Amino acid sequence: MTLLLTLALTALLTACAAAPLREATARADAEMTQPAPAPTATPVLVEDLQARCRAWAQAFGAEARAAGIGDAVIDAAFQDLQCQPRVLALDRSQPEFSRQIWSYLDTAVSAARVKRGLARMAEPATRAALDRASAGSGVPAAVLAAFWGLESDFGRDSGSISVIDALVTLAVDGRREAMARRELLAALRILQAGDADRGRLVGSWAGAMGQTQFMPSNFLSDALDADGDGRRDLWASLPDVMASTANYLERRGWRADEPWGQELILPEGFDPARADASLQQSSAAWAAEGLRPTDPAAIGLSPMAQAWVLQPAGSRGPAFLVGHNWRVIRRYNASDSYALAIGLLSERLAGRSEGVHAAWPRELQALSRTQLQTLQRALAEQGFAPGPADGVFGPVSRAALRAWQQREGLPVDGFPTLELLQRLWPGEPASGRGD
């Protein structure tokens, strides 16, 4: 294969390098949130990929039969199998620079998206589906609409890649084979149950599907037939889409008597080290410390039994009080940016807010993945434990940065900046990409 070089996948990798990854894939599996490896030096031949896919599918068919999947279903699923080089291209293409949360929110909660959402929610059929799902689950209609808006832009884009093709491609590639096997078997069960045929089973490159982007396993466990037609249809039936999304959230513990959170005004002298998910208490206790809502019309902080202060852009940015329902949202997609977008979009769609009151520190430069890896290595060398130097700055890395900031007498907010990187790693240039 090394002698038969092809530019097919390389061209796709280049073309897709800036393509955004669909947010729903983050909840598919913990490994889906890890950074993708760099493309291999020798690109995979398209012809070789198809041959490997056919051989893999034939072997997997025997496993599927042993799991109770009928021959007719297996034959229909794999008869027109076409592995997708584009899936591998998207899997391997990661934005070189991390998006700062305010940049993400500028798109996710844009005025245009809010306008589209309000228009869709005003449609009688949509309103009826939202209200019925909300009444049965306790999840507010505006929250359901926010998930709908972020996952498919209110039904405008649910994805167009065959779920079967995508999952077989990922399985053959090997890096995510365990996830792909599990989800592929779930997809075959969907076909066997008659909820969809192969042509309807389309979605994102990672296998998420429908107007609120369920993985096949989530479809089996949480999708509902709300319109009574005998099928669970997350592609075309709004009653099924809204009821299923509400069911997903309700089954993961959504509390109808608590909000997702709210923006805060912190008292003067508030210690940013207290903005930590490990420090939880009731909203009443936080109010006793002088925390208050930014909304002047609010009587006080919204009631939450266990809540904590979140400063997603560090001590120089806005602050929020979040609680149990915030965790439920993150079960859908394990990202603070995503969870905040859901919360803020739901507030806009409910007519309760015009957006974030406090200013974001837009002057801060986003660190590249390479710079984040350098920061993680620097923390490790100084005796802290940031986890692997993978460029994914999650809770473990933030805790290590907090510990270093505390030792240095700095504001303890765990937010990575170029200024902190230069202090930890003096050789880092004041500008540039750090690559």
Side-chain angles (χ1 to χ4, degrees), residues 21-33 77 87 90 126 129-130 132-134 136-137 139 143-168 170 176 179-227 229-254 328-335 338-339 341-342:
L21 301 181
R22 192 172 293 275
E23 289 85 4
T25 60
R27 70 178 180 279
D29 196 90
E31 65 179 331
M32 300 294 282
T33 65
V87 167
L90 289 169
T126 303
L130 284 169
R132 181 181 177 187
S134 178
S137 65
V139 181
V143 171
L144 297 175
F147 279 98
W148 187 35
L150 284 193
E151 296 297 349
S152 68
D153 201 11
F154 306 103
R156 291 174 45 167
D157 179 15
S158 299
S160 59
I161 299 176
S162 163
V163 169
I164 301 295
D165 292 351
L167 292 172
V168 173
L170 291 173
R176 293 174 175 164
M179 179 282 298
R181 281 179 175 274
R182 181 178 66 249
E183 295 299 336
L184 181 59
L185 184 59
L188 295 180
R189 295 192 189 283
I190 293 171
L191 296 177
Q192 184 155 280
D195 285 303
D197 57 25
R198 193 188 196 285
R200 173 54 66 88
L201 219 61
V202 295
S204 75
W205 64 267
M209 57 194 189
Q211 294 192 35
T212 48
Q213 293 291 278
F214 274 32
M215 292 301 291
S217 60
N218 294 135
F219 183 102
L220 291 177
S221 62
D222 299 295
L224 298 177
D225 172 23
D227 61 12
D229 67 352
R231 295 183 301 113
R232 296 175 290 180
D233 184 357
L234 300 189
W235 296 269
S237 170
L238 278 181
D240 290 5
V241 168
M242 300 308 171
S244 299
T245 307
N247 187 48
Y248 180 100
L249 297 170
E250 182 185 18
R251 293 187 65 220
R252 283 150 187 82
W254 186 274
V328 175
I329 294 172
R330 291 185 90 258
R331 292 287 300 276
Y332 209 92
N333 185 315
S335 159
Y338 180 90
I342 289 291

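Note that this is a predicted model, so its numbers are computed, not measured.
For residues 199-215, the pairs satisfying salt bridge (Lys or Arg N to Asp or Glu O under 4.0 Å) are Arg200-Asp233, with sequence neighbours left out. Note on residues 237-248: no pairs pass salt bridge (Lys or Arg N to Asp or Glu O under 4.0 Å), not counting sequence neighbours. Residue pairs meeting the salt bridge (Lys or Arg N to Asp or Glu O under 4.0 Å) criterion with at least one partner in residues 205-220, sequence neighbours excluded, are absent. For the salt bridge (Lys or Arg N to Asp or Glu O under 4.0 Å) condition, no pair includes a residue of residues 205-219, sequence neighbours left out.
Every residue two or more places apart in sequence or in another chain that forms a side chain to side chain donor-acceptor pair (under 3.5 Å) with Thr126 is listed here: Glu123. Judged as a side chain to side chain contact (heavy atoms under 4.5 Å, CB included), and not counting sequence neighbours, the contacts of Ala133 are Leu144, Met242, Ala246. Asp229 meets the salt bridge (Lys or Arg N to Asp or Glu O under 4.0 Å) test with Arg231; sequence neighbours excluded. Take Arg189 and apply the salt bridge (Lys or Arg N to Asp or Glu O under 4.0 Å) test, not counting sequence neighbours, and it matches no residue. Among residues two or more places apart in sequence or in another chain, the salt bridge (Lys or Arg N to Asp or Glu O under 4.0 Å) test is passed with Asp165 by Arg198. Scanning for side chain to side chain donor-acceptor pair (under 3.5 Å) contacts around Asp227 gives Ser237, with sequence neighbours left out. A search for salt bridge (Lys or Arg N to Asp or Glu O under 4.0 Å) contacts involving Arg252 returns Asp222, not counting sequence neighbours.
Here the closest non-hydrogen pair linking Leu167 and Ala180 is O-CB, 3.4 Å. Of all the heavy atoms in Ala339 and Arg330, the pair that sits closest is CB-CG, 3.8 Å. In this structure, Val163 and Gly203 approach most closely via the heavy-atom pair CG2-N, 3.9 Å. Heavy-atom minimum distance, Ala166 versus Ile161: CB-CG2, 4.0 Å. Taking every heavy atom of both residues into account, Ala223 and Arg232 meet most closely at O-CD, 3.0 Å. For Val328 against Leu249, the heavy-atom pair with the smallest separation is CG1-O, 3.7 Å.
The aromatic rings of Phe214 and Tyr332 sit perpendicular to each other, their planes meeting at more than 60°, with 30° as the lower class boundary. Aromatic ring orientation, Phe219 versus Trp235: tilted (interplanar angle from 30° to 60°).
Ser217 places no side-chain N or O within 3.5 Å of a backbone atom of Glu183 that could act as its donor or acceptor partner. The main-chain N or O of Asn218 is found under 3.5 Å from a side-chain atom of Ser221 such that the two form a donor-acceptor pair. Formation of a donor-acceptor pair under 3.5 Å by the Ser134 side chain with backbone atoms of Val139 is found in this model. Of the possible donor and acceptor atoms, one in the side chain of Arg132 sits under 3.5 Å from a partner among the backbone N and O of Ala226.
How far CD1 of Ile342 is from CG of Asn333: 8.5 Å, rounded to the nearest 0.5 Å. Atoms CZ and OG, on Arg251 and Ser137 in that order, are 13.0 Å from each other to the nearest 0.5 Å. Note that the CG atom of Asp153 and the CD atom of Gln211 stand 11.0 Å from one another [nearest 0.5 Å]. To the nearest 0.5 Å, the span separating CG on Asn247 from CG on Leu224 amounts to 4.0 Å.
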*asked:* As a quick check of understanding, evaluate side-chain contact (heavy atoms from CB on, under 4.5 Å) for Leu234 and Met209, giving each step before the final call.
replied: CA-CA 8 Å; Leu234 300 189; Met209 57 194 189; 6.0 Å; no
*Tell me, with the steps shown, if Leu150 and Tyr338 meet side-chain contact (heavy atoms from CB on, under 4.5 Å).*
CA-CA 9 Å; Leu150 284 193; Tyr338 180 90; 3.9 Å; yes
